[in-house]
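What follows is a single structure, written as structure tokens, with notes after it.
All values below were derived from every heavy atom in this structure, side-chain atoms included, with hydrogens, water molecules and symmetry-related copies excluded. Numbers restart at 1 for each chain; the letters A, B, ... are given by sequence-line order, proteins then strands.
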Amino acid sequence: MPELPEVETICRALRPHLVGRYLRGVRTFVEALRQPLDRRALVSLVGRRIVAVRRRAKFLLVEFTDRRLLLMHLGMSGSCRICPDNAPRRKHEHIIWELDNGQTWRYGDPRRFGLVQVQVIRKRGALPSCLCGLPPEPLSRGFNGAYLASICRGRSRPIKSVLLDQTLVAGVGNIYASEALHRAGISPVRRAATLSREECARLAHAIRTTLRQAIAAGGTTIADFRSADGSPGGFQVKLFVYGREGEPCRRCRRGRIRRLVLSSRSTYYCPDCQR
DNA sequence: AACACGTCCTGAGCGC
DNA sequence: TGCGCTCAGGACGTGT
């Protein structure tokens, strides 16, 4: 479910509910998500105050006093919500944090591909060391045509598989990879190394624009994405290719959108306007 | 029954 | 042969 825009949407929705609050308790209902939960580490946050809620790539970072940080990744099906203490626990709600105002912050995740762990950081506002090697944020200065060209050089994989590689591009997932390539007019199966400098610049711009618009719309709801306040995203109505197999291309109006499987993921594109 | 918006692991293939 | 890197594909729960 959640790519960069969805995580950013959740981050913004959580922030006003969490920042400044003290953690009063934590309850867990499973042994493990993608990896075993460290209950003692989670409990060690109780009594501390939340000082910031941030995002880096697809990671959500909740910073506490004393340089403690809760690192969260939503995997395929993770979600967060804020609700009162006495709200009944939903199926697949695995962690409940109790705040000092009668509210709770809850993590739900049917597939349990997510990640929740406690880290200690060097100083206030710093990233945990495990995230220090991430590539540049797509919406930051360092992400541009020159950067894309540098990671495409010498790579024979299809460009879409490069965009999905989280060690090379941070935060782009399966929906926005298809959307950005369509916006840039570049075929998802093109070998990365064959992209010209001009195409890399166009693609970098397309990625930034796509992500920005998706954030502005509150993310994309295909099946069940909800922000932390329960509201669905609005970007699905602005999708140009994802999930539109057989429908006419909304840009060139000639081609029909095709679906193919690339590195075992659905990929959508317009054969007429993507080269 | 096929497919799902993510990541990790394994093993094949390649150049040196 | 071996090392290091790249890349494809399966596995991981559950829901629709």
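Whole-Å rounding puts the A:H73 NE2 to B:dC8 C1' distance at 12 Å. Rounded to an integer number of Å, the gap from CE of A:M72 to P of B:dT7 is 15 Å. Taking atom CG of A:L74 as the reference point, atom P of B:dG6 lies 11 Å away to the nearest angstrom. As rounded to whole Å, 13 Å separates atom C1' of B:dA2 from atom CD of A:E245. The CZ-C1' distance, from A:R265 to B:dC5, rounds to 8 Å in whole Å. Atom CG of A:D165 and atom C1' of B:dC8 are 12 Å apart (whole Å).
Taking the six-membered ring for Trp and the full ring otherwise, the centers of A:F29 and A:H94 sit at least 6.0 Å from each other.
In this structure, B:dG6 shows a glycosidic angle more than 90 degrees from zero, which is the anti conformation.
The neighbour count for A:Q35 CD, taken as heavy atoms of other residues, nucleotides or ligands under 6.0 Å away, is above 12. The environment of A:R124 atom CZ is sparse: at most 12 non-hydrogen atoms of other residues, nucleotides or ligands sit within 6.0 angstrom.
In this structure, A:R157 and A:H92 both approach DNA chain C, and ranking their closest nucleotides by distance from the 5' end singles out A:R157.
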**Watson-Crick and G-U pairing of DNA chain C, under 3.5 Å, as dot-bracket with | and [ ]** = .|||||||||||.|||
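Think of A:I121 as one node in a network of Ile, Leu, Val, Met, Phe, Trp and Tyr side chains linked at under 4.5 Å; its network also takes in A:F59, A:L61, A:L69, A:L71, A:L115, A:L127, A:L131, A:L134.
Residue A:Q166 places none of its side-chain N or O atoms closer than 4.0 Å to OP1 or OP2 of B:dG6. Taking side-chain N and O atoms only, A:Y176 has no distance below 4.0 Å to OP1 or OP2 of B:dC5.
A pairwise comparison of heavy atoms in A:S156 and A:R191 identifies O-CD, 2.7 Å as the closest pair. In plain terms, the two heavy atoms of A:A228 and A:A13 that are nearest each other are CB-CB, 3.9 Å.
Applying the side chain to side chain contact (heavy atoms under 4.5 Å, CB included) criterion to A:E8, with sequence neighbours excluded, gives A:R12, A:R55, A:I215.
Residues of residues 106-116 of chain A having a heavy atom closer than 4.0 Å to DNA chain C, listed by number: A:P110, A:R111, A:R112, A:F113.
Cation-pi contact between A:R34 and A:F113: absent, since separation from the ring centre below 6.0 Å together with deviation from the ring axis within 45° is not met.
Hydrophobic clustering (ILVMFWY, side-chain heavy atoms < 4.5 Å, transitive): A:M72 and A:L37 are in one cluster.
A donor and an acceptor atom, one from each side chain of A:S263 and A:R265, are nowhere located under 3.5 Å apart.
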Restricting both atoms to N or O, compile the protein contacts to nucleotides 9-14 of chain B shorter than 3.5 Å, with distance only.
none

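A:Q166 places a side-chain N or O within donor-acceptor distance of the main-chain N or O of A:L164, the cut-off being under 3.5 Å.
A 4.0 Å heavy-atom criterion places the boundary nucleotides of DNA chain C facing chain A at C:dT6 to C:dG15, written 5' to 3'.
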